[in-house]
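Shown next, in structure tokens, is the structure this report addresses.
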Amino acid sequence: MNEPLKSHANTALETFLGHWRGSTELAASPWGPARTADAEVTFSRAAGGYALVQSYRHLEPDGTHFEGHGVFTIDPDHGDTLWYYVDSMGRPPEAPARGHWQDGTLRLERRSPRGTARHTFKVDGGVLTHVAELRLGDAPAFSPFMISVCRRV
């Protein structure tokens, strides 16, 4: 069997590898008030290096927690980065988020009948930043949902 070629996106995903800790700022939303939570995320290689597994968890001051698990991989036909994600909210993913790298930043979007989620991931100066924005229903623009800022530990 011939091995697929490593693409720029495969190599770029390696910047996320490791264990990170920090905080997540959540905006007021249909799921709760604005708040801050302690956050932890781990990225590890999988599938012979052609995928990256993400484990995210945050703990809120009242003791409740949220967790999510993702798999990043590359669409070999189009070069897009794909992100399959499931979390403790309980909704199964309908389709992967799809995105591209530009200037060291990964931006992905996932569309569903409920709306569109846009995620931006970047590592700069040893800091991992993940920004999520939502456009629910027929809303004309994206609204901030969360921002996680973590340092490698």
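Heavy atoms only: backbone and side chains are in, while hydrogens, waters and symmetry mates are out.
- Within 6.0 Å of atom CZ in R35, more than 12 heavy atoms from other residues, nucleotides or ligands are found, so the atom counts as buried in its surroundings.
- Aromatic pair F16/W101: ring centres closer than 6.0 Å.
- Put simply, the side chain of T81 reaches to within 4.5 Å of the side chain of F72, judged on heavy atoms.
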Task: Pair R135-E133, salt bridge (charged side-chain N to carboxylate O under 4.0 Å, His left out): steps then yes or no - done: CA-CA 7 Å; R135 189 174 60 214; E133 302 167 287; over 6 Å; no
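- A 4.5 Å side-chain heavy-atom check between R110 and S112 finds every atom pair outside the cut-off.
- Nearest heavy-atom pair, S88 versus F66, reported as atom, atom and distance to 0.1 Å: OG-CD1, 3.4 Å.
- Considering only residues two or more places apart in sequence or on other chains, D75 meets the salt bridge (charged side-chain N to carboxylate O under 4.0 Å, His left out) condition with R98.
- The cluster map of Ile, Leu, Val, Met, Phe, Trp and Tyr, joined by side-chain heavy atoms under 4.5 Å apart, puts L17 and Y85 in the same cluster.
- Inter-residue side-chain proximity for V53 and S44 is flagged as met; some heavy-atom pair is nearer than 4.5 Å.
- Closest of all the heavy-atom pairs between T36 and S23 is CG2-CB, 4.2 Å.
- Between the T105 side chain and the T120 main chain, no donor and acceptor come within less than 3.5 Å of each other.
- Judged as a side chain to side chain donor-acceptor pair (under 3.5 Å), and not counting sequence neighbours, the contacts of H119 are H130.
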TODO: Show your reasoning for whether side-chain hydrogen bond (donor to acceptor under 3.5 Å, both in side chains) applies to D80 and H100.
DONE: CA-CA 6 Å; D80 295 350; H100 295 68; 2.8 Å; yes
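- Residues T73 and W83 form no side-chain contact, since every pair of their non-hydrogen atoms from C-beta on lies 4.5 Å or further apart.
- Separating the NE2 atom in H58 from the CE atom in M146 is a distance of 8.5 Å, to the nearest 0.5 Å.
- The salt bridge (charged side-chain N to carboxylate O under 4.0 Å, His left out) check on R114 picks up E94, with sequence neighbours excluded.
- V41 and V153 are members of different hydrophobic clusters when ILVMFWY side chains are connected at heavy-atom separations under 4.5 Å.
- Across all non-hydrogen atoms, the minimal contact from G22 to C150 is N-SG, 3.7 Å.
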TODO: I would like to know whether S148 and Y56 meet side-chain contact (heavy atoms from CB on, under 4.5 Å); could you show each step before the answer?
DONE: CA-CA 10 Å; S148 293; Y56 170 86; 3.9 Å; yes
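- Crowding of D77 atom CG: a count of heavy atoms from other residues, nucleotides or ligands under 6.0 Å exceeding 12.
- Contact between S55 and H69 at its shortest, heavy atoms only, is OG-ND1, 3.2 Å.
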Task: Pair E109-F142, side-chain contact (heavy atoms from CB on, under 4.5 Å): steps then yes or no - done: CA-CA 11 Å; E109 286 192 6; F142 283 93; 4.0 Å; yes
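- Note that the CD atom of E60 and the CG atom of L26 stand 6.0 Å from one another [nearest 0.5 Å].
- The hydrophobic cluster containing I147 also includes V127, V131, V149, under a criterion of side-chain heavy atoms closer than 4.5 Å among ILVMFWY residues, counted directly or through chains of members.
- A donor-acceptor contact closer than 3.5 angstrom links the side chains of D62 and T64.
- Within the 4.5 Å cutoff, the side chain of L13 has no heavy atoms near those of the F43 side chain.
- For T42, the side chain to side chain donor-acceptor pair (under 3.5 Å) partners two or more places apart in sequence, or in a different chain, are H19.
- Here the shortest heavy-atom pairing between L106 and G99 reads CD1-C, 4.5 Å.
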- [ ] List the steps and the verdict of side-chain contact (heavy atoms from CB on, under 4.5 Å) for L136 and T116.
- [x] CA-CA 6 Å; L136 299 175; T116 302; over 6 Å; no
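- Here the closest heavy-atom approach between residue R152 and residue T15 is recorded as NH2-O, 3.3 Å.
- Scored by the salt bridge (charged side-chain N to carboxylate O under 4.0 Å, His left out) test, R57 finds E67 as partners (sequence neighbours excluded).
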